[in-house]
Structures are given as structure tokens and as C-alpha cells.
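Please read all numbers here as calculations on a predicted model, not as lab measurements. In what follows, every heavy atom counts, from backbone to side chain, and hydrogens, waters and symmetry copies are set aside.
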2 protein chains.
Amino acid sequence: MPRAKSSVTIADVAREAGVSTATVSRVINENAPVSAATAMRVRAAIERLNYRPSAAARGLASRRTHLIGLLAEEISAPFFAPILRGIEKGAREAGLGLLIHCTQGTPAANSGYRRPLGPHNTDGILVFAGGLQEEELVYLTSLEFPVVLLHRSPPDSLDIPAVTVENKRGARELVRHLIEVHGYRRIAFLRGPEGHEDSYWREQGYREALAAADIPIEPQLLAYGGFDQKIAQQAVTAWLEQGVKPDAIFAGDDEAATGTIMALQAAGLRVPEDVAVVGFDDVYLAHPLMPPLTTVHVPIEAVGREGVRELVRLIAGGEPEPLTLLPTELVIRRSCGCQEEA
Amino acid sequence: MPRAKSSVTIADVAREAGVSTATVSRVINENAPVSAATAMRVRAAIERLNYRPSAAARGLASRRTHLIGLLAEEISAPFFAPILRGIEKGAREAGLGLLIHCTQGTPAANSGYRRPLGPHNTDGILVFAGGLQEEELVYLTSLEFPVVLLHRSPPDSLDIPAVTVENKRGARELVRHLIEVHGYRRIAFLRGPEGHEDSYWREQGYREALAAADIPIEPQLLAYGGFDQKIAQQAVTAWLEQGVKPDAIFAGDDEAATGTIMALQAAGLRVPEDVAVVGFDDVYLAHPLMPPLTTVHVPIEAVGREGVRELVRLIAGGEPEPLTLLPTELVIRRSCGCQEEA
DNA sequence: TGCTATACTGTAACCGCTTACAGTAAGCGC
DNA sequence: GCGCTTACTGTAAGCGGTTACAGTATAGCA
């Protein structure tokens, strides 16, 4: 394979400016004193030659890639977009590039010497929910490689910093609202995917709220909604066909809430008059939905931003913050039966 | 700065397997014959040492980063998610990493030697809409650096491959449906952002459809919707306050359609009985909207996939396909006045 | 004045891989 | 048996930066 035509290198700049390559490197990285006059000459040369340092060479020599990675199972709308935006913004502000990779149905691809993201090509990685298997986390930890978990807590005995939100509290408040303000007692819950922590904690919050109001859990009011519009739609339709008709449905997340509303309306039921529906996340579609969805606001973008902040701290060798729990907030709209707030 | 503790290198593998580093490199890259027995020994050594080649060293030596970049103005939901998914999937299948960067309000950051994405750190880039200024495109072209444009056509006299969709045809069919099936004559249009090509071509399609039906353009039925829910909402509210009441509103995109529906309903008007509304894109929220939105389906994910395919071809030195126009398709739901299709 | 700290700069040794080049051994046609 | 391929392997020269180390000049200080 023929060598590509070589682009301008640091040696060219050095020659042009009449200095050594070391000096050029120093003015670029600003990590050693260089006289103002020399620096100016060098900068002029860089400008003139349109020089751009090779990331590979720089990375090889300095052992820093200036890249962080994001590993996720799936880039699924609409939850992923805001978190990605937060991460991208954080990375940009920290002067880091962002490498993203989905593990979507390719667990095997994540091993062997073709592993997509790791110490060989990034300075640290962010793992969103199930984006990486536990054993891989163990391995990276043994290398002291910086990793931050998003919407997931670390495996036992591994102290990997995690950033997530107050799912349990948010769910509890939400269900409490349903009980105390609206007097609903038969409140159904649609679970999210198995093993998904957000789902787990939301269910705990749901249970706590019911327990606090002395309402027993009715097993037939618990079903699988998968944090997915279609699945939730089917689950709700199945309920209706079986004659199960709750006062209210806590759909687990907004996507499932959307499917829930569609199923209810398709069956001729009115929301919230016949059945109230609430979601979780407050993603983009919650507001324009008809009726506007009562939900719990999750600071999704902030999770991404905080994740990067934590990762940057780890990369710099700082002390990790074991857990960052971002607050959630009840957002009352109309699907619970309230009139829209002012 | 102390050198980080060195990880296992190709030399370690070579020693472990009793071969030269060249041989190890050859079994990894499979680009030269290696005897089966040797290859096996090398692979075992790699496995045993948990060796992972350094991307930087590899890139420096081979002048290939195995990375492609994506440059966009903003990671805005909900249009961005599917295109990103298509790109990520395409990149993954091609064995390339994906580096993403937003230029969001930082045009200056895109010059100087800190430029985020370019020949110094990627093998080629994808530019989404206004993600990169024209002069930068000119520069990259002069370097023969692989670039593919998404939802944007190349500047004059630059033959950069572009991938986009049949906006004009889609808009024309959509408006024709409004005219021919429903008999609407006063059809308003909400433009997208200035300079946005999708917006431009959709307006052309709108104009052509009206012209074909001999309906004159009424300037007061054209307004700025910004491909944005809030802006569209305000624009429609303004119309209503001025007593402008069209038969139907073509909102430019689904986001604007959402805002349009919200504004109309807030004013006590029924959709589609009083005013019909149609969008464009068929993004995630179009279906669950109430009423379900009649729109034009845009194969967003396919744009991303095709973009990567084209970029990979360019990187491999293949002949570029100047323009890839992906088909759009009318999706009839209820907001136009139709009963939902079967 | 002599000595030392400081500011600046250059030399050159890597960083970990790829690959041109060269060499060896075996296979093949005559 | 000889020259020529072909298959395989090793040697070593980069790739384009960073940075330890050393050197020079100047300033500060006793």
C-alpha cells in the first residue's frame, strides 16, 4: 500500500519558524515556557502552513487520546438524544472528543482484540445502562481504567462511580399524588425491561407509595410494559380484554404511557376520565400528547453532563464521587385528572 | 509527567509466541500469509496476554484511523436520533469507530489547530446539514479528504457526494392530497429555518402543488415555523389572532405540526374538522399524536446508512455517487381529515 | 565577582505499530 | 540438477509527535 501523500508535520512548522520541533510542541501544548516572540513566530508558521497535529502521533507519544467513549445498548429515541447531548456538550467543553458505540445485540463483538472502546483508544468511557457486561467492567477496573456508569449502579464490590436519578422518590411521589389528590386505589404498574435499574427503582417507589397508603399490591395490576410503546399497548389491551380496569396506570416511562393512552383510546376509554395515565421521564413527547401527560421530570441531559464531569475528574486522577443522584420532579399535566397547572 | 504503566504491546505478544512483531501484526491484520500453526500460536498468545493493539500506534504507522466523524449543528431530537442510529450501525458494520461533534453556536471553534474533526483524527467525515461552513468544505476537498453531505447539497463547483431525500416530491404529493382528496384551497405553509435545504425543497413542492391546481399563493399563508414546536405554535397563534384561518396547515415538519396542533386546540379549534394539519418526516411522535398526524415518511435512518456506505466507498478510493436521493412516502393518518388507513 | 536559580531552547530517545525489503525453504517445470 | 516461483518469516526504518535531559544566557543575590 503506497504511503499517502504526507501532510504538513511538526517538522515543517519548526523549519518554517526556525525553531526545533520541541519548541513547536511547547507552544501548541502551552506546557513549558516559550518566549513571546518565538511563540508568535511559531503560531504564524502554523497558520501559514495550516498545520494540524496528528492525533495518532500525539496520542502515541503522550499516551492520552483526548477521546472519551460512550457505550450503550441502543441509541433509542427519545431517551437517548438528551443524554447524548449532555455528554457531547460536556466533552466539548472539556476539550475531549466523543466516540460512540452501540452493543446492540452483539455481545460477542465486545471481546477479543477488536473490542470497540477501551484503553487502547480512549482515555475513559461512559457506560449507559446495560452497555457493557459486568465481567468487562471488572476487567477495566483491574486496569484502573476510568469508567463512569450512567443509569446503572456498579456491580458488587466494584467502586465505579455512577450517575443516575432519584427514580424511587420520583415514582413514590407520583403514585402518592394519584392516591392522595385523586383518590385512586387500583393503580396498575407497567414494568420496564428486566434488569433495567430505572425500572426496578420505580417499582420500589410504586410499592412504597401503596404501602404508605395501606393499599395492598394486586398482582394482576402488575404487567410488563418494556419501556416500549408497542409492548405497553399490548399489555393494556390484554388487561382490558381480561376485564381488568384500573383507576390509573403508572406506565413506567413516557413511551409506555404513550402506548397505554393509545390502547385505552382505541378501546373507547377516555383519559383521564375513565382511566388516568401517568408516565416517567418527561421526554419530548410528553407535553404534546393528548391529553398532556402527567409524569416525572428526569434531568436527562444533566445525567450526561455530570457523567462527563465525573469521568474527566477520574482521568485527571481525582477522587471519584461514588454516586451522583440527580433529583426528579413531579410534573402535573392533565392525564392524571388534574387541570393543567398554571 | 511520569510515563503511565505500560500495557502489553505487540512485542510482548511476539516474545510470548516466539515470533517477530511483524508476524503478529500480520495475523492481526490478515494482510499477508501466515502459516496456520504460527497464526494459532500468535492468537493464543494474544488471548493469554489479553493484548489489544494501540489505536494510536496503529494509526500512526498505517495512516488510517479507522474512525469516521459526524459533524452536526445540534443533536436535536427527534430527527437526529434515527439518523445517528443509521450512521452508527453503518460504521459498526464497516468496522469503523464513530466520532461525533456538534458545532452548535461555536463556529470559531472549528478553525485553528484545535479543529475537532478532520484528516488528523478521522478517515472521513459526514456533515449533517449546516454542520460545517462552506469554506471548510472547500478546504477539505482541496485535500481530497473524504466528505459526505447529509441533507444538504454541495456548494457550487464542489463535487462532494450528498445523501438526502425527495423533499420536493413528498411535499407536492402531500399538498396534492390536501387539494384533491379534501378539496382544501387555503393551505398555509410554515417554513423551516432559513438556509435549511429540506425547508427550501418542501416549499418548492408546496408551490408546485398549488400551481398545478391553479391556486395562487397567498403570502399571508406563509410564515416561519422554524421546524420547531414553540415557534410554530406562536406562528399559528399569531395567524388566529389576525383572523387568518386556513383550511389546512402544512407545518413544514412534524415538530412544527405538533406545535400547530397545540395552538389550534388551545384556541378551541378541532383538528381536522376545523383546520387540517399535516407534517413531514414521520418521526416518532407523529403517530401517538392526537389526532394521529398525516405526514410524509422520511427514511431518516437510511440516510445515515447510505451516507456511511458512500463515505466508506470514498475512503476505499472508489468512485463517488454524486447524489443519493432517497424516496419519501405519503402517510395518511387522521389529521388531514381522512379516516385512518387500514 | 562568583554562584545559583530561572527562562528558554535544542537534541534525541522513545511511544507501539506497519510494512518495505530481504532472506530462507520448499515446490515446480524442464 | 537448476533456475524460478511461491509461502512464509524476520529485520529495521519509519509514522509524527512528546519530553527527559542538557545546554546557554540572563537575572538575582551574597
- Spacing of OG1 belonging to A:Thr65 relative to CG belonging to A:Leu96, to within rounding of 0.5 Å: 7.0 Å
- Query: For B:Val127, which of B:Leu132, B:Ile160, B:Thr103, B:Leu70 qualifies under side-chain contact (heavy atoms from CB on, under 4.5 Å)?
  - Reply: B:Leu132
- Message: Looking at B:Ser153, is its backbone amide N or carbonyl O close enough to the side chain of B:Glu197 to form a donor-acceptor pair, meaning the two atoms are under 3.5 Å apart?
- Response: yes
- Message: So, does A:Arg63 get its side chain near the phosphate of C:dG16, meaning an N or O under 4.0 Å from OP1 or OP2?
- Response: yes
- To the nearest Å, how far apart are A:His66 NE2 and D:dG17 C1'? 11 Å
- Task: May I ask you to say what B:Ser25 touches in the nucleic acid, namely base, sugar-phosphate or nothing, with a heavy-atom cut-off under 4.0 Å?
- Result: base
- Query: How long is the line joining CD1 of B:Ile10 and C1' of D:dT11, in whole Å?
  - Reply: 14 Å
- Message: Please tell me if A:Asn31 has a side-chain N or O lying less than 4.0 Å from either OP1 or OP2 of D:dT19.
- Response: yes
- Quickly work out the B:Arg15 CZ to C:dG16 P distance and round it to whole Å. 12 Å
- Whole-Å distance separating the CZ atom of B:Arg64 from the P atom of C:dG16: 23 Å
- Task: Taking A:Glu73 for its side chain and A:Ala129 for its backbone only, find out whether a donor-acceptor pair lies under 3.5 Å.
- Result: no
- Item | Nearest-Å distance for atom pair CG/P, residues B:Leu60 and D:dT18 | 12 Å
- Query: Distance check: side-chain N/O of B:Arg58 vs OP1/OP2 of C:dT18, anything under 4.0 Å?
  - Reply: yes
- Measure from CD1 on A:Ile46 to P on D:dG17 and round the result to the nearest Å. 10 Å
- Message: Could you measure the distance from the CG atom of A:Leu314 to the CG atom of A:Asp123? Nearest 0.5 Å is fine.
- Response: 12.0 Å
- Message: Rounded to whole Å, please give me the gap between CG in B:Asn29 and P in C:dC17.
- Response: 11 Å
- Note on the structure: Each base of DNA chain D marked ( ) or [ ] if paired in-strand (Watson-Crick or G-U under 3.5 Å), | if paired to another strand and . if unpaired gives ||||||||||||||||||||||||||||||
Quick one: which protein N/O atoms are closer than 3.5 Å to N/O atoms of nucleotides 6-10 of chain C? Pair and distance per line, please.
{"from": "C:dT9", "atom 1": "OP1", "to": "A:Ser35", "atom 2": "OG", "distance (Å)": "3.0"}
{"from": "C:dT9", "atom 1": "OP1", "to": "A:Thr38", "atom 2": "OG1", "distance (Å)": "2.3"}
{"from": "C:dT9", "atom 1": "OP2", "to": "A:Ser35", "atom 2": "N", "distance (Å)": "2.9"}
{"from": "C:dG10", "atom 1": "OP2", "to": "A:Ser20", "atom 2": "N", "distance (Å)": "2.9"}
{"from": "C:dG10", "atom 1": "OP2", "to": "A:Ser20", "atom 2": "OG", "distance (Å)": "3.1"}
{"from": "C:dG10", "atom 1": "OP2", "to": "A:Thr23", "atom 2": "OG1", "distance (Å)": "2.8"}
{"from": "C:dG10", "atom 1": "N7", "to": "A:Arg26", "atom 2": "NH2", "distance (Å)": "2.7"}
{"from": "C:dG10", "atom 1": "O6", "to": "A:Arg26", "atom 2": "NH1", "distance (Å)": "3.3"}
{"from": "C:dG10", "atom 1": "O6", "to": "A:Arg26", "atom 2": "NH2", "distance (Å)": "3.4"}

- Query: What is the distance from CG of A:Asn121 to P of C:dG16, rounded to the nearest Å?
  - Reply: 15 Å
- B:Asp159 side-chain N/O to B:Pro322 backbone N/O, donor-acceptor pair under 3.5 Å: no
- Measuring from B:Ile68:CD1 to B:Leu98:CG, what's the distance to the nearest 0.5 Å? 5.5 Å
- Query: B:Ala61 side chain: which of D:dG16, D:dT19, D:dC15 is closest?
  - Reply: D:dC15
- Keeping the roles fixed (side chain from B:Ser54, backbone from B:Ala57), state whether a donor-acceptor pair exists under 3.5 Å. yes
- Query: Taking atom CD1 of B:Ile10 and atom OG1 of B:Thr21, what is their separation to the nearest 0.5 Å?
  - Reply: 5.5 Å
